[in-house]
Number of protein chains: 2
Amino acid sequence: MHSPELLKGTLQTIVLKVLKDHGKMYGYEITQRVKELSDGHILLTEGALYPALHKLEAEGLLSTETVSIGKRIRKYYALTSPGKVQAKERVAEFVDFIQTMGSVLQVKLN
Amino acid sequence: MHSPELLKGTLQTIVLKVLKDHGKMYGYEITQRVKELSDGHILLTEGALYPALHKLEAEGLLSTETVSIGKRIRKYYALTSPGKVQAKERVAEFVDFIQTMGSVLQVKLN
DNA sequence: GATCAATACATAAGTGATTTATGCATTAGA
DNA sequence: TCTAATGCATAAATCACTTATGTATTGATC
């Protein structure tokens, strides 16, 4: 995992986009999916993820559904309609940011 | 200027790379160059820049030279040898980060 | 010749996302 | 039977950065 400094501010974008691509997921599942997609480079910590999920839910971007698997609980999160819009906007914003950084750092992204 | 959240953690990388590309520069000049390169999207604040410069200097990555222009003072910063190495590493790290994020967000950067 | 914007540095308090630490509980594997 | 993995959650601490403030010079505008 590379310097976590750069990761700041990307958590919500990641969560929203992953949920958009994979449909409803529970917290732990998100951490695993992101770990997979990033080839082990991005490891979401629970202390960051759960509060983020709660916040997105409070903002109406996510809806929840709690399911019991045996005696274990899973809390599924899914995008609401505004959540889908936000997901798109956040990704676009990120791409924009990358383009700008590319100009400043004079690097080619491909 | 887009959401400043994403900018977090990139300040040192920007400063190091800009100094690498343009040689010695003073603080205010850096803010202007970055503004230019980013087409007005990235506006470095003095409250962030000056402490960052001082920190990089304290770490031995930058050397300084104070010059008087009339009665006004300019403090020029330049990369030291370790600073040049760091500049390269930081940029590489950023490119790496972008690639990883591209995978997670499933976006093409070009 | 006064006033405002730009130039040029600097520091300190406050913010806020994230890390680190901790807690509880179930399930699978060695 | 003990450890790792699964699964949730919260609270304190950290730390980069924003916002606010301060000082001073220079150029432009009216």
Side-chain angles (χ1 to χ4, degrees), chain A residues 1-16 24-36 40-59 61-62 64-77 90 93-94 97 101, chain B residues 1-16 24-36 40-59 61-62 64-77 90 93-94 97 101:
Chain A
M1 183 170 176
H2 37 54
S3 143
E5 300 290 293
L6 296 173
L7 219 45
K8 299 219 174 193
T10 62
L11 179 55
Q12 291 194 3
T13 305
I14 290 174
V15 168
L16 290 169
K24 68 175 180 182
M25 300 175 80
Y26 53 99
Y28 185 75
E29 192 183 8
I30 295 175
T31 66
Q32 298 308 300
R33 187 83 71 174
V34 170
K35 183 179 173 184
E36 228 180 274
H41 288 298
I42 298 181
L43 306 175
L44 301 186
T45 57
E46 293 159 296
L49 179 62
Y50 291 116
L53 288 170
H54 300 163
K55 195 185 172 197
L56 291 170
E57 187 189 3
E59 288 170 354
L61 302 177
L62 301 182
T64 60
E65 184 192 348
T66 303
V67 177
S68 294
I69 304 294
K71 287 185 180 176
R72 194 181 279 165
I73 288 173
R74 278 184 190 167
K75 204 166 162 188
Y76 280 93
Y77 290 88
R90 290 303 198 92
E93 179 182 71
F94 185 78
F97 167 70
M101 283 296 289
Chain B
M1 184 170 175
H2 37 54
S3 142
E5 301 289 293
L6 296 173
L7 217 48
K8 299 219 173 193
T10 62
L11 178 56
Q12 292 195 2
T13 304
I14 290 174
V15 168
L16 290 169
K24 67 176 181 181
M25 299 176 82
Y26 52 100
Y28 185 75
E29 190 183 7
I30 294 175
T31 66
Q32 298 309 300
R33 186 84 73 175
V34 170
K35 184 180 174 185
E36 228 181 273
H41 288 298
I42 298 180
L43 306 175
L44 302 185
T45 58
E46 293 158 294
L49 179 62
Y50 291 116
L53 287 170
H54 300 164
K55 195 184 173 199
L56 291 171
E57 187 189 1
E59 289 170 354
L61 302 176
L62 301 182
T64 59
E65 183 192 349
T66 302
V67 176
S68 293
I69 304 294
K71 287 185 178 176
R72 193 181 278 163
I73 288 172
R74 277 185 191 166
K75 204 166 161 189
Y76 280 93
Y77 290 88
R90 291 301 199 91
E93 179 183 73
F94 185 78
F97 166 70
M101 283 297 288

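Please read all numbers here as calculations on a predicted model, not as lab measurements. Sequence lines set the chain letters: A, B, ... in the order given, protein chains first and strands last, and positions in each chain run from 1.
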Under 3.5 Å, which protein N or O atoms sit close to an N or O of nucleotides 26-30 of chain C? Give each pair with its distance.
unit_1: C/dT26; atom_1: O2; unit_2: A/Arg72; atom_2: NH2; d: 2.4
unit_1: C/dT27; atom_1: OP1; unit_2: A/Lys71; atom_2: N; d: 3.2
unit_1: C/dT27; atom_1: O4'; unit_2: A/Arg72; atom_2: NH2; d: 2.9

(Q) Show me the pairs that pass side-chain hydrogen bond (donor to acceptor under 3.5 Å, both in side chains) and involve residues 44-59 of chain A, at least two apart or across chains. (A) A/Glu57-A/Thr64
Listed pairs, N/O of protein and of nucleotides 10-12 of chain D, under 3.5 Å:
unit_1: D/dT10; atom_1: OP2; unit_2: A/His54; atom_2: ND1; d: 3.3

Q) Roughly how many Å is it from CG in B/Leu53 to P in C/dA8, rounded to a whole number? A) 14 Å
Q.
With nearest nucleotide decided by heavy atoms, which residue, A/Gln32 or A/Lys8, maps closer to the 5′ end of DNA chain D?
A. A/Gln32
(Q) Looking at A/Lys75, I'd like to know whether one of its side-chain N or O atoms comes within less than 4.0 Å of OP1 or OP2 on D/dA9. (A) yes
Q.
Using OP1 and OP2 only, check whether a side-chain N or O of A/Thr45 sits under 4.0 Å from C/dT18.
A. no
Q. How many Å lie between CG on B/Leu11 and P on D/dC15, as a whole number?
A. 17 Å
Q) Going through the distances and angles, do B/Thr31 and B/Leu43 end up as a side-chain contact (heavy atoms from CB on, under 4.5 Å)? A) CA-CA 7 Å; B/Thr31 66; B/Leu43 306 175; over 6 Å; no
Q. Are A/Glu5 and B/Lys8 ion-paired here, with the side-chain N under 4.0 Å from a carboxylate O?
A. no
Q) Looking only at side-chain N and O atoms, does B/Lys55 come under 4.0 Å of OP1 or OP2 in D/dA16? A) yes
Q: For A/Thr66, check side-chain contact (heavy atoms from CB on, under 4.5 Å) against everything at least two apart and list the hits.
A: A/Ile73, A/Lys75
Q) With sequence neighbours excluded, what pairs up with A/Tyr76 under the ring pair (Phe, Tyr, Trp, His ring centres under 6.0 Å) test? A) A/Tyr26
Q) What's the CG-P distance between B/Leu49 and C/dA8, to the nearest Å? A) 13 Å
Q: Send over the distance from A/Leu7 CG to D/dA16 P, rounded to a whole Å.
A: 16 Å
Q. In whole angstrom, what separates B/Leu6's CG from D/dA16's P?
A. 18 Å
Q: Grab the OH-P distance between A/Tyr26 and D/dC8 for me, whole Å please.
A: 7 Å
Q | Close side-chain approach of A/Tyr77 to A/Leu61, heavy-atom, < 4.5 Å | A | no
Q.
Could you walk me through whether B/Met101 and B/Phe97 satisfy the side-chain contact (heavy atoms from CB on, under 4.5 Å) test, starting with their C-alpha distance in whole Å, then the side-chain angles of each, then the deciding distance to 0.1 Å, before giving a yes or no?
A. CA-CA 6 Å; B/Met101 283 297 288; B/Phe97 166 70; 3.5 Å; yes
Q.
Whole angstroms only, please: what is the CD-P distance between A/Glu57 and D/dC8?
A. 13 Å
Q: Check the distance between D/dC8's P and A/Met25's CE and give it to me in whole angstrom.
A: 11 Å
Q: Could you work out which one of D/dA16, D/dC8, C/dC9 sits closest to the side chain of A/Arg74?
A: D/dC8
Q. In chain order, what residues pass the side-chain hydrogen bond (donor to acceptor under 3.5 Å, both in side chains) check against A/Arg90, with sequence neighbours excluded?
A. A/Gln12, A/Gln86
Q | B/Val15 vs B/Leu11 side-chain heavy atoms within contact, under 4.5 Å | A | yes
